[in-house]
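Everything on this sheet refers to the single structure shown next.
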Amino acid sequence: MTATAMPETRVRLRRRDREQLLRDAWLRHDALWFGYVSEHLDDKLVNVGNRMIVERLAEYEMLSLMRKLRLWPGNGDAATLKALFEIGIDLYQTRYSPVEIELLPGNCLGVSMHDCWACKAVREAGRLDRYRCGPWARLKGWLKAVGIIPKLKPDPGLCLALQEQGAEEVCRVEVAIPLS
């Protein structure tokens with residue numbers, strides 16, 4: 001029996017498709033990890049660890065992005081942070097949970113997340129009543145990276161969608177940006 005050679009084909013993914021596949025794989029990893037450890041460890045330990053890791057990773061994400069862009073928004077201008085965070089959202093955030101940022105009076109940002117993928121995954125696993133919101137830890141990490149002590153209003157503890165009970169699947173926080 002002779003082996004036949006496969007014709008050489010070059011299949012290329014578009015850059016955006018490749019990036020989305022990587023984001024999707026990371027989300028799957030995150031969901032599988034959280035599901036596994038939450039079955040084997042104390043809920044408090046899992047929640048604290050998850051939020052801490054997300055926050056530290058986010059700080060790394062934003063510092064890396066700022067280095068690459070050679071942008072150091074140290075003046076406390078909400079419009080500059082909005083532009084920087086929108087680049088971060090485009091790069092790091094999944095399409096499954098769209099995030100919007102708006103400028104608010106008083107040098108504040110309003111940040112909204114629609115259809116939170118983490119909330120959906122934890123709800124499907126039957127653990128939403130014990131889940132402490134992890135996705136907002138990313139915003140906290142980004143704020144730390146630019147030198148702002150993160151103070152979200154409200155500061156999510158339990159999933160905001162759970163607290164709203166039946167409200168539209170939109171979580172919203174506000175961040176006051178201190179002027180330097």
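Being a predicted model, the structure only gives us computed values, none of them experimental.
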Is there a path from [X] to [Y] through hydrophobic residues (I, L, V, M, F, W, Y) whose side chains come within less than 4.5 Å of each other?
X: Leu65; Y: Leu109; result: yes
X: Met62; Y: Val173; result: yes
X: Leu84; Y: Leu91; result: yes
X: Leu45; Y: Tyr131; result: yes
X: Val48; Y: Val46; result: no

Any side-chain heavy-atom pair of [X] and [Y] under 4.5 Å:
X: Trp33; Y: Arg28; answer: no
X: Asp90; Y: Phe85; answer: no
X: Ile101; Y: Leu81; answer: no
X: Glu174; Y: Leu104; answer: yes
X: Glu86; Y: Lys82; answer: yes
X: Ile149; Y: Leu143; answer: no
X: Met66; Y: Leu63; answer: yes

Identify the heavy atoms of [X] and [Y] that sit nearest to each other, and give their distance.
X: Ser97; Y: Asp115; value: OG-O, 3.1 Å
X: Pro135; Y: Cys116; value: CG-SG, 3.8 Å
X: Val54; Y: Ala137; value: CG1-CB, 3.8 Å

Taken in chain and number order and not counting sequence neighbours, the residues that satisfy side-chain contact (heavy atoms from CB on, under 4.5 Å) with Ala83 are none
Ignoring hydrogens and geometry, is there a side-chain-to-backbone donor-acceptor pair from Asn107 to Asp77 under 3.5 Å?
no
Can you measure from [atom1] ([X]) to [atom2] ([Y]) and round to the nearest 0.5 angstrom?
X: Tyr92; Y: Ser64; atom1: OH; atom2: OG; answer: 5.5 Å
X: Gln93; Y: Trp117; atom1: CD; atom2: CH2; answer: 8.5 Å
X: Leu103; Y: Ile177; atom1: CG; atom2: CD1; answer: 9.5 Å
X: Leu139; Y: Ile148; atom1: CG; atom2: CD1; answer: 9.5 Å

With a 4.0 Å cut-off on N to O distance, would you call [X] and [Y] a salt bridge?
X: Arg23; Y: Glu19; value: yes
X: Lys140; Y: Asp155; value: yes
X: Arg130; Y: Asp42; value: no
X: Glu102; Y: Arg172; value: yes

With sequence neighbours left out, which residue pairs that include part of residues 49-63 fulfil the side chain to side chain donor-acceptor pair (under 3.5 Å) condition?
Glu55-Lys144, Glu61-Arg138, Glu61-Trp142
Could you give me the CA-CA distance, side-chain angles and deciding distance for Phe34 and Asn47, then say whether side-chain contact (heavy atoms from CB on, under 4.5 Å) is met?
CA-CA 9 Å; Phe34 190 88; Asn47 280 307; 4.1 Å; yes
